[in-house]
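Chain identifiers are assigned alphabetically (A, B, ...) following the order of the sequence lines, protein sequences preceding nucleic acid strands; residue numbering begins at 1 within each chain. Side chains are part of it too, since the values below use all heavy atoms of this structure and drop only hydrogens, waters and symmetry mates.
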Protein chains: 2
Amino acid sequence: MSEKRKQIIEAATKSFSLFGYKATTMDQVAKMANVGKGTIYTFFKSKEELLEEIVSSMISEIKHEADEAIDQHLSFKENVQRALQRIFTFRKEHELTIKLLQEVRDIGTPAVRDVMKRLDREMIAYVREKIEEAMAKGEIRSCDPELTAFLMFKMYIALNVDWEKEHEPLSQQKMAELFDLYLLKGLSQ
Amino acid sequence: MSEKRKQIIEAATKSFSLFGYKATTMDQVAKMANVGKGTIYTFFKSKEELLEEIVSSMISEIKHEADEAIDQHLSFKENVQRALQRIFTFRKEHELTIKLLQEVRDIGTPAVRDVMKRLDREMIAYVREKIEEAMAKGEIRSCDPELTAFLMFKMYIALNVDWEKEHEPLSQQKMAELFDLYLLKGLSQ
DNA sequence: GTTTTGACTAAATGAACATTTTGGTCATTT
DNA sequence: AAATGACCAAAATGTTCATTTAGTCAAAAC
C-alpha cells in the first residue's frame, strides 16, 4: 500500500481517537500526515469514507483477536464465551472505540452512529458463524443462529455496559458464570 | 382528592400524551383543566413534579395490570412471562409511554429521560420481588434476584424493541419460547 | 380567612442574521 | 503523473433580539 495512504490512515486514526470524528478536520489530518489536503482525496472520496475504512480495519482486527481467543480443543460454550469476552474487552479498552462510542452518546454524529451500528452487526454476524459451525458439528442443539447470536450479543452488552451504569461492575469470572447459567443452558444437547 | 387537582392531572396527561412534555405549556394545561395557572402551583411545585406524579400513577397502573396477569395456579415461569408480556404491551400501546419514549429518543428532554429511567428501575424491582417470592417458596433455584430481574428485563427489551429495528417482529408465542429456552432454563430446580 | 386567579417577571428559547469554519475541488506546481 | 494548497460553497457557529414560558404574587372571588 502507498506510503502516503498509510500516513493518512495513521493520522486520521490518531486524531479520531484523540478528538473524535466531528472535531477532526481534514486540514488537521493533512497536517498530521504531512501531506497536502488534496492528497487525502486521491485515496478517499470523503471524510466519511476515511472513517469507514478505518473502522473496517478495526473490525478485521477485532475478528482476528476474537479468533485468537478461540481454542479448537475447548467446547463451543467456552469458545463463544472467550470470543465475546475479547470483543468486549477491545470495545472497552481501544481508544478509538471509546471515543467513537462517547461521540454517539453525547452528540450522536450520524456518520459515527452508522459505523458503530455496522460494528455491532458484524460482531453479531461473527458470533452467528460460530453458532452455525457448532450446529453443523452437532455441538449444540438446532436453533435460529441469527436470533441466538443477537441475544448473546445483547446479553453481553447488558452485563458489560448497562449493568455498570447503576451497579458494581461484574468480574469476568462472574460474567462467565452468568452467561453459562442463563444463556448457554438453552443450547445444551 | 380535590376536584381541581383531578382536572389538572387529567389535562396534563392528555396534553403530554398528545404533544409530549416539552411541547406542553403550563398555560395550555391550565386552559384544558379550566383553572387559572396559579392553581396548578398550589398542587404541584413545578412542571417536572406534575410529570413525576403522572408517571407515578402510571407505574402503579402498570404494576396493577401485571398483577392481574399473574395466576396463582400457574408456575413461576409462566407467571413471570405473563407479567413481563403485560408490562411491555402497556409500554407499546399506552399513548403516554409511546410519546414520552419518542421524546427521549428524539429530543432527550432530561426530565423525561429521568422519569423513564425510573419506570425501568421500578419494573425491574417488580420482577425482582416476584423472583424473591419464588425463591422463598423454592420454586426456582437460588440466584441474585436483582441481577436476574435485570437480565430478564433486558432480554425482553432486546426481543420486544431492539430485534424489531432490523428484523421481522416476533410473535408472542415465539417470544415466550425463546424466553423459556434461553433464560428460564437456568432457573430450573 | 381561604382559595383562585391571571397579569407580571426573569429566564429560556428560537428566529434571523453575520461570521467563521470546513469538506471538497481543481488549476498549478513538482 | 502525483501532489498540493488556495479557493469556494455550504455547513457550522456565534450573536442579537423578539417571543415564549415557567413560576410568582398582589388582588379578586368566594
When the ring planes of A:Phe16 and A:Tyr21 are compared, do they come out parallel, tilted or perpendicular, using 30° and 60° as the limits? tilted
Cluster check B:Ile87, B:Leu74: I/L/V/M/F/W/Y, side chain < 4.5 angstrom: no
Any link between A:Phe19 and A:Ile40 through a network of hydrophobic side chains (Ile, Leu, Val, Met, Phe, Trp, Tyr) touching at under 4.5 Å? no
Closest non-hydrogen atom pair between A:Val29 and A:Ala11, with its separation: O-CB, 3.8 Å
Would you mind reading off the distance between A:Ile8 atom CD1 and D:dT4 atom C1', rounded to a whole angstrom? 12 Å
A:Lys47 atom NZ is separated from D:dA10 atom C1', nearest whole Å, by 14 Å
May I ask you to check whether A:Phe153 and A:Tyr126 place their ring centers less than 6.0 Å from one another? no
Under a 4.0 Å N-O cut-off, is there an ion pair linking A:Arg82 with A:Glu68? no
B:Ile157 with B:Leu119, same ILVMFWY side-chain cluster at under 4.5 Å: yes
Would A:Lys130 and A:Asp67 pass as an ion pair if we require N to O under 4.0 Å? yes
Could you check whether B:Asp162 pairs with B:Lys165 (Lys NZ or Arg NE/NH1/NH2 to Asp/Glu carboxylate O, under 4.0 Å)? yes
Minimum-distance pair of heavy atoms, taken over all atoms of B:Arg128 and B:Ala149: N-CB, 3.6 Å
Where does the chain B footprint on DNA chain C start and end, counting 5' to 3' with a 4.0 Å heavy-atom cut-off? C:dT4 to C:dG14
When you check every protein heavy atom under 4.0 Å of nucleotides 24-30 of chain D, what one-letter string (B, S, -) results, 5' to 3'? BB-----
Does anything in residues 10-36 of chain A reach DNA chain C, meaning a heavy atom under 4.0 Å, and if so which residues? A:Thr24, A:Thr25, A:Met26
